Amino acid sequence: MPGNHPSDHAPPPAGPPVPERQPVELVAHGDIRIDDWYWLRNKEDPAVIAHLVAENAYTEAAMGGTVGLQAALFDEIVARIEETDLSVPVRKGPWFYYGRTVEGSNYGIHGRRPAAVAVAVAEQGAATAVGGDAHGGVPEGEQVILDENLLAEGHDYFALGNLSVSPDHAWLVYSTDTTGGERYTMRFRELSTGLESPESLEDTSYGVAWANDNATVFFVRVDEAMRPYQLWRHRVGTDPSNDVLVLEEPDDRFYLGVGRTKDDRFILCGLDSKVTSEFQALSADDPRGEFTVIEPRRHGIEYSVDHDRGDAQGGSDDGRFLIVTNDGAEDFRLMEAPDRAPDRAQWREVIPARPGVRLDAVDPFADHLVVYEREGGETRIRVIHASTGASTPVSQPESPSTVWGGANPEYDSTTLRYGYTSLTTPRSVYDLDLDTGEAVLRKRQPVLGDFDPVRYRTERRWAAAEDGTQVPISLVYRPDLVPAPGAAGQEGAGRRGGSDGAPCLLYGYGSYEASMDPTFSSLRLSLLDRGFIYAIAHVRGGGEMGRRWYEDGKFAAKPNTFTDFVACARSLVAGGWTSPDRLVARGGSAGGLLMGAVANLAPELFRAIVAEVPFVDCLTTILDETLPLTVLEWEEWGNPLDDPGIYSVIKSYSPYDNVRSVDEAGAPVRYPDILATAGLSDPRVGFWEPAKWVAKLRAANPENNVLLKTELGAGHGGPSGRYDAWRDEAFVYAFILDALGLTDQAPPP
């Protein structure tokens, strides 16, 4: 049992919904599983919708005692946010482009203004960043190119997919989704008049590229399984029935994307599986031409491509493709190839593989090459001067911290826009002079109220996994509320936050080589100011420590992801940071699978768990080829249809298949308090996965306190409007505080 469950509260009088058991026998490799709630996957069944509605009502009733707290948390969150705000404008040709928000509006507004006006205003000292007032307001000379709020009117859900301006800045292409299903409708707007072309393109996906004729657009369509698989060509103002299918990818393991190179010379079509890449290039000046394969796909070889005109190498018309690849380098290296003959035989090494350094990407400028790397579990930026080869790192004042490339659309620019943040420093936008190395802070995310970053402390700890691997943990807390011991960071050195340690929220993901890098959140202050520690467990399966870190957390090694997280939790407890009755775990999607797995592995270690759109019925899903994206997923998790060994591995950790009612000694297993969320239109994790999981947890032990909250009008990302998202976060925080018995604890003045 996790702790003593000090804040156990009686369930609502009516009790939780009890869906009918309708056993279905699932057979694979001679193994038989019985699924009592398989029927919950049919959203066309009125009984399924009725059950989800009943679950929502139960959750609302169970959380009824926290309504005032939810409102207070929401007010705290909003009070820290500059609701009317403006991004730092980005120059592209004769215009500065930006986004802004307005108090009371859920969605953003996209605008631009002439560069001449922006520069004149900046020279008058009326702006903190060239192009506009960094703290909101309507910039002088603004032209609104798209107001998401107008498009969202009358819809419970709204998401913007693509947004791209033609090379001559005359047309805008954009796509929208109003269901959460991620099938977008694409439209075209003439920016001089604001009028829209009459046609619309349905079932489009992410990715769009203009040709240099300013009339031809390449876009992507998805199949019935939600796989982006077709590249189409459309001419603005024409009937979509005349659109041309340019490429179709028949292999179900591959998905298709499209974009332009940095220097506007080429349109690139990327064809990627989880482990293999192929790129095809087309001159942006010849939209009706044929795409040329840069290097044919070879299983296990990945690469990404950009183009460099080669101005610094002599000013000729000959350019080079820049190719970041794992061909001959586990953590990737940079190759170059002449754009007239880019096949593998012509590749030449530019940046070799380096032990302990993961090469993520490069960004070409006319006279510089910007390199994005990862070392020691942290992101890095280096600038290489094209003519001298001199290499200069970009300064990062804190560790752990995160740095990334911003919007840098102009190849000929001598300024690098980049972002910086840490768990204590709000997101910051810098402009770096590539010639002098001088960095200028253009904007730091405003945090209203009495926020002072000095009040908070961030640090990096390491936990020993079961096999001895050192797993990084990033921490942030208020040292005045969570006192550090005499030897900070050493296990057993002392207790923090009182004899039982401090309340702690431990976050994890650990899949798809995605890195959960430390970033600032003003929303999180509501927990930190109540004495919480916030921690990120950088477990294997993610990409924080390079490609091997990812490989050691997938396929048959996937259980490392879960045991790493448990090791991080035990390390925090052993070090006196927290205790099991004050420790909460949180993760979403594949991180929700992580939550379900650790709940089975170590229910006694956590007081509560938040599992958002959790992939908890993973074995059944990955066995079902008819579900969206399943075949794509086999190169991440393995193929349990064909491989009995992988079937056994996935079955061993599948949260739904491993819910326990008793432990090894025959004693009842009490799970942590659990909040699970779902989206009815979610194309990535079926809503039925958390619904089935919740039903099985309750059936295993009626004392398990488990809640399910389903967004009936949204998909994988939850509510789409920013105010709705903040209310949702306030709800999650209220659940956490309630589980820890801290609902009456207000932040210090």
Side-chain angles (χ1 to χ4, degrees), residues 209 257-272 276-286 289 291-298 300-355 357-375 380-394 405 408-414 416 434-435 546-547:
V258 67
R260 286 166 62 92
T261 58
K262 168 74 171 283
D263 62 4
D264 299 324
R265 289 285 181 89
F266 289 92
I267 294 165
L268 294 175
C269 176
L271 300 160
D272 296 278
T276 305
S277 306
E278 176 182 296
F279 274 81
Q280 300 187 24
L282 172 71
S283 169
D285 293 327
D286 184 22
F291 277 83
T292 300
V293 175
I294 292 177
E295 171 63 14
R297 67 191 68 174
R298 288 179 287 147
I301 301 301
E302 301 169 58
Y303 68 95
S304 60
V305 178
D306 209 330
H307 187 261
D308 183 2
R309 292 202 308 252
D311 294 355
Q313 283 74 39
S316 71
D317 291 334
D318 293 335
R320 59 175 180 165
F321 284 117
L322 296 172
I323 302 163
V324 176
T325 182
N326 69 339
D327 187 0
E330 182 177 61
D331 274 324
F332 292 75
R333 58 178 175 161
L334 178 64
M335 311 293 283
E336 66 176 4
D339 55 29
R340 294 181 179 179
D343 59 280
R344 181 64 180 83
Q346 307 301 319
W347 291 10
R348 185 180 71 84
E349 187 174 76
V350 179
I351 298 177
R354 292 152 294 157
V357 179
R358 168 68 151 90
L359 176 60
D360 282 337
V362 297
D363 188 4
F365 290 76
D367 297 311
H368 301 85
L369 184 66
V370 177
V371 181
Y372 299 97
E373 302 171 330
R374 184 174 293 278
E375 184 177 10
R380 301 279 186 259
I381 298 178
R382 283 194 303 126
V383 177
I384 300 175
H385 197 285
S387 59
T388 67
S391 175
T392 306
V394 173
N408 292 286
E410 295 198 315
Y411 174 81
D412 293 309
S413 176
T414 58
L416 170 70
L434 292 170
D435 290 323
R547 173 51 61 92

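This structure is a prediction, so every number in the text was calculated from the model and none was measured.
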Rounded to the nearest 0.5 angstrom, the CZ-NE2 distance for Arg260 and His307 is 13.0 Å
Are the side chain of Asp306 and the backbone of Thr261 linked by a donor-acceptor contact shorter than 3.5 Å? no
Do Asp412 side-chain atoms and Ala366 backbone N/O form a donor-acceptor pair below 3.5 Å? no
List in chain and number order the residues that pass side chain to side chain contact (heavy atoms under 4.5 Å, CB included) with Ala337, two or more places apart in sequence or in another chain; answer none if no residue qualifies. Ile323, Pro342, Trp347
Is there a donor-acceptor pair under 3.5 Å between the side chain of Tyr303 and the backbone N or O of Met335? no
Sequence neighbours excluded, which residues qualify as side chain to side chain contact (heavy atoms under 4.5 Å, CB included) partners of Thr392? none
Not counting sequence neighbours, which residues clear salt bridge (Lys or Arg N to Asp or Glu O under 4.0 Å) with Glu336? List them please. Arg320, Arg348
Check Arg358, Arg380, Arg382 against Glu373 for a salt bridge (Lys or Arg N to Asp or Glu O under 4.0 Å) and give me the one that passes. Arg382
If I compare all heavy atoms of Leu322 with all of Pro364, which pair ends up nearest, and what's the gap? CD1-CB, 3.8 Å
Are Phe279 and Phe321 close enough that their ring centres sit under 6.0 Å apart? no
So CG of Leu359 and CG of Leu334: to nearest 0.5 Å the spacing works out to 6.5 Å
How are the rings of His385 and His368 set to each other: parallel, tilted or perpendicular (split at 30° and 60°)? perpendicular
Ser277 and Asp272: side chain donor to acceptor below 3.5 Å: yes
Just checking, is any N or O donor in the side chain of Thr276 or Arg297 under 3.5 Å from an acceptor N or O on the other one? no
Are Asp308 and Leu369 close enough, and set up right, to give a side-chain contact (heavy atoms from CB on, under 4.5 Å), and what steps lead you there? CA-CA 9 Å; Asp308 183 2; Leu369 184 66; 5.7 Å; no
Would a distance-only check, ignoring hydrogens and angles, find a side-chain to backbone donor-acceptor pair under 3.5 Å from Glu278 to Leu271? no
Less than 4.5 Å apart, any side-chain heavy atom of Val293 and any of Gln280? yes
Any sub-3.5 Å donor-acceptor pair from Asp343's side-chain atoms to Pro296's backbone N or O? no
Taking every non-hydrogen atom, the tightest pair across Ala209 and Ile267: CB-CG2, 4.1 Å
Please round to the nearest 0.5 Å and tell me the distance separating atom CD1 of Ile301 and atom CG of Asp327. 4.0 Å
Any donor-acceptor pair under 3.5 Å from Asp339 side chain to Gly319 backbone: yes
Does the side chain of Leu268 come within less than 4.5 Å of Phe291's, by heavy atoms? no
Does Arg354 come within less than 4.0 Å of Glu375, counting only side-chain N to carboxylate O? no
I'd like to check the side chain to side chain contact (heavy atoms under 4.5 Å, CB included) partners of Asp363; sequence neighbours left out, ordered by chain and number. Lys262, Phe365, Val370, Tyr372, Asn408
Residues at least two apart in sequence or cross-chain that pass side chain to side chain donor-acceptor pair (under 3.5 Å) with Glu410, listed by chain then number, are none
Mind checking what makes ring pair (Phe, Tyr, Trp, His ring centres under 6.0 Å) contact with Phe332, not counting sequence neighbours? none
Quick one: closest heavy-atom pair of Asp331 and Val357, and the distance? CB-O, 3.4 Å
Residue pair Ile384, Val362: steps toward the side-chain contact (heavy atoms from CB on, under 4.5 Å) verdict: CA-CA 10 Å; Ile384 300 175; Val362 297; over 6 Å; no
